[in-house]
2 protein chains.
Amino acid sequence: MERSLKEHFEQTLQEVSIDCAIFGFHAGELKILLLRWKGTDGWSLPGGRIYKEESTDDAANRILKERTGLTDIFLQQYYTFGNANRLTHLSKQDLMELLELALGKDYFHDKINRRVVSIGYFALVEFDQVQATADWYTDEFRWWEIPDVPKLLFDHNEMVVRALHALRQQIRNQPVGYNLLPEKFTMPELQRLYETILDKQFDRRNFQKLLVSYDILEKLDEKRTGGANKSPFLYRFNKSKYEKAMIDGVSFAM
Amino acid sequence: MERSLKEHFEQTLQEVSIDCAIFGFHAGELKILLLRWKGTDGWSLPGGRIYKEESTDDAANRILKERTGLTDIFLQQYYTFGNANRLTHLSKQDLMELLELALGKDYFHDKINRRVVSIGYFALVEFDQVQATADWYTDEFRWWEIPDVPKLLFDHNEMVVRALHALRQQIRNQPVGYNLLPEKFTMPELQRLYETILDKQFDRRNFQKLLVSYDILEKLDEKRTGGANKSPFLYRFNKSKYEKAMIDGVSFAM
DNA sequence: TTATCATTGCGTAAATCTTACACATAAAAA
DNA sequence: TTTTTATGTGTAAGATTTACGCAATGATAA
């Protein structure tokens, strides 16, 4: 009995990885950071493994730091992917060729035949702060606008869809923007962020009223000049009030 | 390079398990199914491992079937637990004694020193339909009312808290009741279910109006007699409308 | 220099949704 | 037969959300 238990456990050992959907906001568009696998045209989300002494949250933060240089940013687990066939949504042939190119012959046999569980995290980062770097597997990174995201490796398209869904869920119950916008921003910029994430237009007067009602914004005396119109005021988040609102929750019901 | 990659992967192999918070509703109370480990007084959530050919969802459904005899019930992943120390929230000493009792000497060394990632699922079941059975590790099962849940093994108290939170989130965006109530039920019974899950009282007239507005209920000609009062009408869910509402979502904002 | 254009700041009315509450009625118990 | 308890139904007040008007400002074009 004890022996069979032990064998049973060894049989059910898994590869567990973490994949991060890293969202940024730039030029009025929501973007996601993708990596291209070495010598191929296959793209995927940044990911990695969990070390022995790490929690999954620690591993996700480490991976994020390795890819973007950033620490202390918003990062949240949203779903764990464990379809038995999640590595083979491409044809096995195609996948083998890609992985062989990227990793050398030795590896792909294991990779394809072992099941992999992946914990999905999503992160919100300030676009301009990111110093992206590729990893072992990859030799290029690029920010993609959400509608332009190509067909990705493995089940990563599903990951993007679910991460986006989680982000949209998030925005309706907690404030969003602290990690996505620069320190100072205008109300139209904040609105554009919400509109982009939710893919929906809002009345600017009602939007302003609602966001001001959260009591997390400080209106500054400065204005943003340069546009061919009346200069909008700059705002910034009050960090402690913002954090309180993250805990207490808000209701964005537009 | 290829070799070190391979070694790296072997080093990061994980145990992945699934733990299920199984909620039932009986005698006006929300209850959760717990198992007692063999020869000990340590309780835990029902759980198990993932076989090679299974998806995590399949594994969760299988575990649920093994413990309750039920198939086709509401089951949803809510969080993946991966704190490095999640098996040692009891003192190592205490845990070793418990596991040795339950499993024999051979096992516990592995169990304690290897990190385990557990995918949390919660299920909603019709209490009276459940034929509960214990598993390898355990020799007793019992339904516990939520406030009475004792200190559990591992990090399972945190799991219960998070599962309950996920259930409460759920109920505010999708209808609940199909799997928790018998086929026919009265409006006060449905209200009691909502009140128990959310731990909050509602005005019965407003509750009825809101639930009726979802257009998922069929009012029957029958009444429930026996109470020392006016007999309430029986209702049942219209399955197709209920399923549509599960997809489209509802807003329970009381 | 001045008029025009695009967009912002600010405010109010209408519509909708949520909450509070009242009275008649039925089934069992006294 | 009367009392007790809880149900069935409806309406008004309050709060929130949505729709929309108009004056003001900064850049640009005339």
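Here is how names work: the chains are called A, B, and so on, in the same order as the sequence lines, proteins then strands, and each is numbered from 1. Source: prediction; values computed, not measured.
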- [ ] Tell me which of A/A228 and A/M187 sits closer to the 5' end of DNA chain C, going by the nucleotide each one is nearest to.
- [x]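 It is A/A228, whose closest nucleotide lies nearer the 5' terminus.
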Open item on the list: Quick check on D/dT9: is either OP1 or OP2 less than 4.0 Å from any side-chain nitrogen or oxygen of B/K219?
Closed with: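 Yes, within the criterion.
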Open item on the list: In terms of relative ring orientation, are B/F127 and B/H26 parallel, tilted or perpendicular, with 30° and 60° separating the classes?
Closed with: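 If you compare the ring of B/F127 with that of B/H26, the planes turn out parallel.
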TODO: Return the orientation label for the B/Y178 and B/Y242 ring planes: parallel under 30°, perpendicular over 60°, tilted otherwise.
DONE: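 Aromatic pair B/Y178/B/Y242 classed tilted.
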[X] has an atom [atom1]; how far is it from atom [atom2] of [N], in whole Å?
{"X": "B/F202", "N": "C/dT18", "atom1": "CZ", "atom2": "C1'", "result": "13 Å"}
{"X": "B/F252", "N": "C/dC17", "atom1": "CZ", "atom2": "P", "result": "17 Å"}
{"X": "B/K223", "N": "C/dA28", "atom1": "NZ", "atom2": "C1'", "result": "14 Å"}
{"X": "A/N206", "N": "C/dG9", "atom1": "CG", "atom2": "P", "result": "15 Å"}
{"X": "B/D203", "N": "D/dA13", "atom1": "CG", "atom2": "P", "result": "17 Å"}
{"X": "A/L234", "N": "D/dG26", "atom1": "CG", "atom2": "P", "result": "13 Å"}
{"X": "B/E222", "N": "D/dT7", "atom1": "CD", "atom2": "P", "result": "18 Å"}
{"X": "B/L190", "N": "D/dG8", "atom1": "CG", "atom2": "P", "result": "12 Å"}

Task: Donor-acceptor pair present, A/K230 side chain and C/dT7 base, under 3.5 Å - done: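 Not at all, since no donor on one side and acceptor on the other fall under 3.5 Å apart.
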Look at the side chain of [X] and decide which nucleotide, out of [options], has an atom nearest to it.
{"X": "B/R205", "options": "D/dG10, C/dG9, D/dA19", "value": "D/dG10"}
{"X": "B/F233", "options": "C/dG11, D/dG8, C/dT7", "value": "D/dG8"}
{"X": "B/N229", "options": "C/dA6, D/dG21, D/dT5", "value": "D/dT5"}
{"X": "B/P232", "options": "C/dC21, D/dT9, D/dT7", "value": "D/dT7"}
{"X": "A/R204", "options": "C/dG9, D/dT9, D/dA27", "value": "C/dG9"}
{"X": "B/Q208", "options": "D/dG8, C/dT19, D/dA27", "value": "D/dG8"}

- [ ] Check whether any side-chain heavy atom of A/F81 sits under 4.5 Å from a side-chain heavy atom of A/V117, and report yes or no.
- [x]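 They are not in side-chain contact.
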- [ ] Would you check if there is a donor-acceptor pair between the side chains of A/N61 and A/Y121 at a distance under 3.5 Å?
- [x]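 No.
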Task: Side chains of A/T56 and A/D58, donor plus acceptor under 3.5 Å - done: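 Per modelled atom types, A/T56 and A/D58 side chains form no pair under 3.5 Å.
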Task: Residue mapping more 5' on DNA chain D - nearest nucleotide basis, A/L210 or A/S231 - done: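 Its nearest nucleotide lies further toward 5', so the answer is A/L210.
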Open item on the list: Using heavy-atom distances to pick each residue's nearest nucleotide on DNA chain D, tell me which of A/G227 and A/K209 is more 5'.
Closed with: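 Closest to the 5' end, via its nearest nucleotide, is A/K209.
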Open item on the list: Categorize A/T225 for me: base, sugar-phosphate, or nothing, with a 4.0 angstrom heavy-atom threshold over every strand shown.
Closed with: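 Answer is sugar-phosphate: A/T225 comes under 4.0 Å of backbone atoms only.
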